[in-house]
Amino acid sequence: MDSKYASVGKEKENKKSFENNSLHKVKKMKLCYENNVNPTKENQKESNVNGVKQNNGLNNNSSNDIPEDIQAVRKTLPVYVVRGRLLEEIKKHNTMIIMGETGSGKTTQIPQLIYEQQLESKFVIAVTQPRRVAAITLALRVAAEMKTEIGSIVGYSVRFEDVTSPTTKVKYLTDGMLLREAVADPLLKRYSTIILDEAHERTVNTDILFGIVKLAQKDRKEQKLNPLKVIIMSATMDVDAFRNFYDNCPVIYLEGRTYPVTIYHSKMRHEDYQYAAVCTIFQLHATTPANHDFLVFLTGQEEIETVLTNIKQIAKESPGPPIKVCPLYAGLPASKQLQVWKKTPPGMRKIVLATNIAEASVTIPEIKFVIDTGVVKERTWCTSTGAERLAVRACSQAAGWQRAGRAGRTAAGAAYRLYTARDFAARLAHNAPEIVRCPLTSSMLMLIATGMDPSTFPLIDSPPRDSIQASLLLLKELGAIDNENDPKLTILGKKMTAFPIDPKYSKVLLCAPEYNCLEEALSLVAVMSSENVFHTPLHKREEALKVKQKFISPLGDHITLLNVYKAFCKAPLKKQWCKENYLNHKNLSYAYEVRSQLLSVCQRLNLPITSCGNVLDQLLKCLLSGLFTNCAWARSGAGGAGAGGAGGARYVTSAGAAAALHPAGVLHCARPPPAAVLYTELLHTKRSYLVTVSAVQPQWLQQVAPEFARRCRSNR
DNA sequence: GAGCACTGC
């Protein structure tokens with residue numbers, strides 16, 4: 001049998017020849033799939049009926065797009081048809097779960113139904129979303145349906161943008177925003193109803209809100225305040241976990257409206273999913289009409305760029321219509337992301353190579369075929385050393401359904417899974433919720449600030465004990481709480497909660513007045529709070545590194561970042577300037593916004609905004625006062641700092657982990673290598689690396705964190 | 001001398 005998977009699996013050595021001249025092989029391969037599952041109810045998050053899109057904001061989704069017969073469309077929604085019964089149930093119960101497939105209209109219609117029932121009420125209905133774009137577009141949509149101005153009866157609240165007024169009664173907001181509000185008012189008194197939407201995504205914030213609203217309900221009852229209605233909305237998933245958490249509350253199922261997606265599994269296992277993806281692309285390419293666009297799920301930038309190069313090469317000699325290949329990942333500059341939404345001319349095929357960004361955050365219309373490699377890059381975290389690890393892993397079944405659902409948004413489609421049906425069946429039904437696998441320092445601080453006890457706080461899934469312990473210990477070391485067993489916020493801790501950033505960074509800002517460097521600290525923390533500002537395309541690496549030289553400071557990566565930020569602020573034509581300097585305009589602009597938000601918090605706290613000018617030691621000491629747990633010392637002896645350049649130098653962190661300076665850092669080649677460094681991140685890839693590093697004087701640690709320094713000394 | 005998925009305040 002001439003199956004491609006047979007050849008992929010067995011002839012690993014063919015990979016190279018495939019990359020160079022694979023046309024031959026690709027051409028003669030045939031599709032060989034088994035087990036044609038055809039689920040009619042796909043997990044597809046967006047509705048193609050009610051027109052609500054969740055995208056990255058690149059499509060201009062203004063309310064002008066909404067059709068005139070908006071009310072007519074509303075009336076065809078499944079949720080509208082059953083509205084009477086639904087309302088009765090909602091009235092009867094204070095807590096309930098609504099499971100609804102895509103297209104049921106639950107997120108746009110149910111808040112309106114409730115609003116119509118309590119017109120005279122002075123209370124607000126909150127609807128949370130994990131993503132800001134979703135909160136914004138949903139609010140715009142519902143405002144249009146209700147024929148009101150956005151910000152009047154219907155509004156939204158996301159970071160950097162609050163479009164609400166005292167008259168707002170239906171408020172769409174990100175779960176992070178509601179959590180912030182809960183810190184100021186744990187009983188959430190202004191709300192009569194809180195709808196937690198997309199609950200199946202299980203973000204840390206939603207998970208914590210589950211507990212907050214449960215406690216608020218109980219406390220409001222005890223204090224004889226108006227009752228709080230809680231509605232959990234979710235796509236089909238493990239409903240038992242939610243039901244158990246909410247004392248067996250009722251569950252309502254709503255029908256959805258989606259086009260069928262046919263699922264194909266590969267017949268055999270194979271080791272090289274990149275190769276399999278390219279094979280599948282060209283088989284489909286040769287046999288399907290040009291206007292059928294493809295969406296391919298891959299793991300990251302480098303992989304996407306490699307596959308893209310392969311496709312372009314093979315396409316030159318391959319039969320089939322002309323191809324337009326679009327990469328799509330979060331780090332890609334927005335102008336290049338836009339290509340994905342541009343209509344291709346008739347007779348041309350679009351192939352989108354995307355990371356997980358296309359799984360839920362961003363929607364590409366008119367995708368006919370999804371090619372699912374079945375893998376995802378995931379970040380995990382080690383509680384004892386603080387090391388983070390990025391690894392490619394098999395994604396869950398839920399993710400598989402989600403990806404498949406991306407085909408046939410506008411018509412019936414198909415999904416090709418590059419793994420076997422048996423492999424699929426063996427996978428986890430869902431990924432572990434975020435809360436059990438990420439650092440909790442920030443969330444713990446918020447929780448303590450609301451007056452809750454972290455040890456008894458109700459959660460659907462509890463994080464590992466040592467994860468909680470590690471977070472509390474760090475908060476204690478930062479001086480945010482008085483003790484770890486029955487933690488209470490200190491004055492410093494209270495101030496720290498005012499900042500929407502990592503507590504380590506808030507500590508830096510709060511210490512900055514001591515070092516006369518709040519101006520610089522604000523800029524640096526803002527840049528550190530956003531994503532990588534350097535954009536390094538695979539084949540223009542050399543040039544990108546050359547351009548970077550002018551920003552480099554011998555003091556290390558932090559001051560280099562500060563230089564980049566300062567230069568960005570001065571540049572008159574920022575977009576163009578970023579392009580020329582291989583910098584990410586989106587991330588630098590984000591840092592700019594973050595800085596102004598942080599500045600206003602500092603002003604509210606009456607912190608003196610002064611500059612240290614060129615005395616950058618001050619800034620580094622200040623940085624150390626928040627990041628003192630991120631210290632590493634050069635190991636003495638063979639292979640240590642003395643041997644060769646810093647590139648070979650080995651370091652050991654305060655937690656005792658061995659690591660080297662990351663080669664992309666500016667201190668990597670410093671000679672002699674610094675004896676002590678401060679790092680932002682400890683990342684394990686092939687080896688352990690210290691990422692974003694500055695040289696510090698060993699005695700500084702004693703000055704800024706004497707207690708911690710003592711403990712480090714006794715451990716070393 | 002490596003190479004980093006995605007959200008959110």
Side-chain angles (χ1 to χ4, degrees), chain A residues 54 56 128-135 157-162 173-183 198 201-209 297-306 328-332 354-362 373 375-380 388-393 395 399 402 431 434 438 442-443 445-446 449 497-503 505-506 529-532 534-538 541 544-545 584 587 590 593-594 597-598 601 644-649 660-665 668-669 680-681 683-692:
Chain A
Q54 296 174 3
N56 64 353
T128 69
Q129 292 293 316
R131 281 171 291 277
R132 29 181 296 138
V133 189
S157 170
V158 298
R159 190 179 189 180
F160 309 129
E161 230 185 317
D162 182 2
L173 73 176
T174 46
D175 46 18
M177 271 322 243
L178 189 61
L179 198 53
R180 286 250 137 215
E181 288 187 15
V183 174
E198 308 285 14
E201 292 199 25
R202 301 292 306 273
T203 67
V204 183
N205 289 340
T206 327
D207 267 23
I208 292 177
L209 282 172
F297 282 98
L298 294 162
T299 65
Q301 173 185 346
E302 196 175 299
E303 189 170 280
I304 286 173
E305 286 178 12
T306 310
L328 181 66
Y329 49 91
L332 193 72
T355 58
N356 249 10
I357 192 171
E359 201 177 287
S361 323
V362 142
T373 54
V375 281
V376 66
K377 194 174 278 180
E378 215 180 51
R379 202 166 191 138
T380 54
E388 300 196 75
R389 194 180 289 262
L390 277 161
V392 173
R393 306 168 118 227
C395 64
Q402 178 67 28
N431 275 337
E434 205 183 345
C438 74
S442 225
S443 307
L445 185 65
M446 297 272 266
T497 60
F499 292 96
I501 45 174
D502 187 316
Y505 295 164
S506 346
S529 302
S530 40
E531 290 296 306
N532 190 4
F534 298 106
H535 178 63
T536 343
L538 200 60
R541 194 190 308 156
L545 286 180
N584 189 309
N587 293 345
Y590 177 80
E593 277 198 275
V594 172
Q597 191 187 24
L598 298 179
V601 177
L661 299 183
H662 194 276
H668 181 249
C669 294
T680 305
E681 200 179 10
L683 184 72
H684 191 96
T685 48
K686 278 180 190 157
R687 297 167 64 193
S688 279
Y689 290 105
L690 305 175
V691 186
T692 315

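Hydrogens, waters and symmetry mates are skipped; everything else that's a heavy atom, side chains included, is used. Throughout, a chain's letter reflects where its sequence line sits, starting with A, and its residues are numbered from 1.
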Does one side chain, of A/Q597 or A/E593, offer a donor that lies under 3.5 Å from an acceptor on the other? no
Nearest-Å distance, CZ (A/R393) to P (B/dA5)? 16 Å
From the set B/dC9, B/dC6, B/dA2, return the single nucleotide nearest to any side-chain atom of A/P500. B/dC9
Not counting sequence neighbours, which residues clear ring-ring contact (aromatic ring centres under 6.0 Å, His included) with A/Y689? List them please. A/H662
A/T355 side chain, from C-beta outward: closest of B/dA5, B/dC9, B/dC4: B/dA5
Is there a side-chain polar atom (N or O) of A/T203 under 4.0 Å from OP1 or OP2 of B/dT7? no
The side chain of A/L545 lies closest to which of these nucleotides: B/dC6, B/dC9, B/dA2? B/dA2
Could you check which of B/dT7, B/dC9, B/dG1 has an atom nearest any side-chain atom of A/Y590? B/dC9
Pairing residues for A/R389 by the salt bridge (Lys or Arg N to Asp or Glu O under 4.0 Å) criterion, not counting sequence neighbours: none
Closest listed nucleotide, where the reference is the side chain of A/V158 and the choices are B/dC9, B/dA5, B/dC6: B/dC9
Which of these nucleotides, B/dC6, B/dA2, B/dG8, is closest to any side-chain atom of A/R687? B/dA2
Does A/S529 make a side-chain N or O approach to OP1 or OP2 of B/dC9 shorter than 4.0 Å? no
Could you give the CD1-to-P distance, from A/I357 to B/dA5, as a whole number of Å? 11 Å
B/dA2, OP1 or OP2 - any side-chain N/O from A/Y689 closer than 4.0 Å? yes
Are the side chain of A/N584 and the backbone of A/N587 linked by a donor-acceptor contact shorter than 3.5 Å? yes
